[in-house]
Amino acid sequence: MSSTRVKVLVLPVLRRYWLFHAWKEVPPQPPGVKPSWTEAVQAKAVASFKSQWAKLEAAPQGTLNHRLFKFGQYVLSKVDPSESFLKALPPQADSLDILYPASLPERLVRRRLRRLAATAQPFHASRLRLWIALLLPQLPLIPLPLPNVTIYYTVWRIVSNRSAGRGAANLAAALELSSDVQRLKLAQQLLQLQQAGMKLQPGTWAEQLAAETDTLHQQVQQRMASSRSSSGAEHAAAEQQPKQLPLPVFVPDKHLDQLVEPAIRLLDPLPEAAVLRLAELYDQHHLMEHFRAANRKCLDERQQQQQQQQQQQQQQCT
């Protein structure tokens, strides 16, 4: 099986609103190696969807196919950018690189990702139950010779929220693994100091953390085994553990920092020219679509805040 690398791009858009964009890098199969049946079915489905979407896009204006293409563009533009990001996270990969502007603290990036994963899980779980409940009354309409656009849309929202919820759970597990690794390193350092003769006060967090070194080591090893492919007995043991993303690697990027300029984003929104340059640099054509959706949402929230402030000022004046 070919190795899969996942990369996450962190882009501050305006003030506290950030855009996260993820994609997979899968190297081509070596000659003579056949892909698995799941990969073949997935590739065939993606190719069929792209061909049908290209036909709709090339349809003349005023035709039904052109209207369907415009409607599809409208539906996709209303999808939350965080949902698109979470859906792009696979359940398992060989590496997970998080690229962020070098001027941002790594701790801040961790906290923003952890907060996104924590809030997205219950949100998409509730939306999944809602769309399933909306699908049940529509099931008797399937055999009727009527357009099933609402059924297709409902099924798409069910699959989308399910994928986003799984992506949020995978991201939360990867970040938790990173926190456990940091705790293990600190516990090992405290244990070494304790063995060198340094006395830790009983009952303190340092003494308790040093005593949990072996337990933390076993937990980290088990979770690391579940996030990588193994063979033989290790593979059988890893299959018993839930699959998850590997240990995330936070990569500060100076070139990304020069393009994004996070300090200026506190006052002015991220320009499209910078996003277009990033899309060309990383070969991510969907990045511009996600940015425009994030920019619209950010500006809508900004307008709402300004309207609320104006209403408060008017109430104070009266």
Side-chain angles (χ1 to χ4, degrees), residues 9 11 13-14 17 19-24 40-89 120 123-124 126-167 269-273 275-280 282-304:
L9 195 63
L11 299 178
V13 178
L14 179 62
Y17 194 90
L19 172 64
F20 300 97
H21 180 77
W23 71 94
K24 295 184 293 184
V41 171
Q42 184 178 4
K44 186 176 181 179
V46 171
S48 176
F49 173 78
K50 288 183 178 180
S51 63
Q52 292 180 6
W53 185 257
K55 292 180 180 178
L56 294 177
E57 186 177 4
Q61 292 186 0
T63 60
L64 179 61
N65 288 340
H66 182 74
R67 293 177 181 176
L68 290 176
F69 173 73
K70 289 295 184 181
F71 177 74
Q73 281 188 324
Y74 172 77
V75 171
L76 293 176
S77 65
K78 295 300 180 181
V79 177
D80 192 276
S82 62
E83 181 178 334
S84 302
F85 160 65
L86 294 173
K87 288 192 299 183
L89 295 175
F123 174 79
H124 289 290
S126 61
R127 288 301 177 93
L128 177 61
R129 293 191 294 267
L130 174 62
W131 284 108
I132 291 177
L134 293 176
L135 176 63
L136 296 179
Q138 303 181 59
L139 293 179
L141 302 178
I142 295 178
L144 300 180
L146 298 174
N148 295 327
V149 178
T150 58
I151 298 178
Y152 293 149
Y153 179 77
T154 305
V155 172
W156 174 66
R157 292 307 301 156
I158 290 175
V159 175
S160 181
N161 281 279
R162 182 172 177 267
S163 301
R166 286 188 172 184
L270 183 64
E272 286 194 2
V275 182
L276 182 61
R277 180 71 182 90
L278 291 172
E280 296 175 352
Y282 294 104
D283 193 19
Q284 293 297 310
H285 304 291
H286 296 290
L287 178 59
M288 182 59 69
E289 299 176 6
H290 296 164
F291 165 73
R292 288 172 178 171
N295 196 27
R296 284 193 298 268
K297 182 177 180 181
C298 184
L299 293 177
D300 291 342
E301 292 179 355
R302 190 177 183 182
Q303 291 178 357
Q304 291 179 0

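Residue numbers start at 1 and run along the sequence shown.
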### Inter-residue atom distance Ser126.OG - Trp131.CH2, 0.5 Å rounding
12.0 Å

### Query
Looking at NZ of Lys87 and CZ of Arg162, how far apart are the two atoms once the value is rounded to the nearest 0.5 Å?
13.0 Å

### Query
In Å, rounded to the nearest 0.5 Å, how long is the span from CZ of Arg67 to CD of Gln61?
11.0 Å

## Note on the structure
Taking every heavy atom of Pro269 against every heavy atom of Asn295, the minimum-distance pair comes out as CB-OD1, 4.3 Å

### Message
With a 4.0 Å cut-off on N to O distance, would you call Glu83 and Arg127 a salt bridge?
### Response
no

### Task
Report yes if the side chains of Phe291 and Leu270 come closer than 4.5 Å at any heavy-atom pair, otherwise no.
yes

### Message
Please report the interatomic distance CG(Leu278) to CG(Leu19), rounded to the nearest 0.5 Å.
### Response
10.0 Å

### Query
When rounded to the nearest 0.5 angstrom, what is the spacing between CZ in Arg157 and CG in Leu130?
10.5 Å

### Task
Measure the shortest side-chain to side-chain distance between Ser163 and Leu86 over non-hydrogen atoms and say whether it is less than 4.5 angstrom.
no

### Summary
In short, Leu89 meets Ala22 closest at the heavy-atom pair CD2-CB, 3.9 Å

### Message
Among Thr154, Ile158, Val155, Asn161, which residue satisfies the side-chain contact (heavy atoms from CB on, under 4.5 Å) criterion with Ile132?
### Response
Ile158

### Query
Relative to each other, are the rings of Trp156 and Tyr153 parallel, tilted or perpendicular (30° and 60° limits)?
tilted

### Identified side-chain hydrogen bond (donor to acceptor under 3.5 Å, both in side chains) partner of Gln284 from the options His21, His290, Glu289
His21

### Message
A side-chain contact here means heavy atoms from C-beta on lying under 4.5 Å apart; do Leu9 and Phe20 qualify?
### Response
no

### Query
Under 30°, 30 to 60°, or over 60°: which ring-plane class applies to Tyr282 and Trp23, parallel, tilted or perpendicular?
tilted

### Query
Is there a side-chain contact between His124 and Arg166, using heavy atoms and a 4.5 Å cut-off?
no

### Query
Is any side-chain heavy atom of Leu287 closer than 4.5 Å to a side-chain heavy atom of Val275?
yes

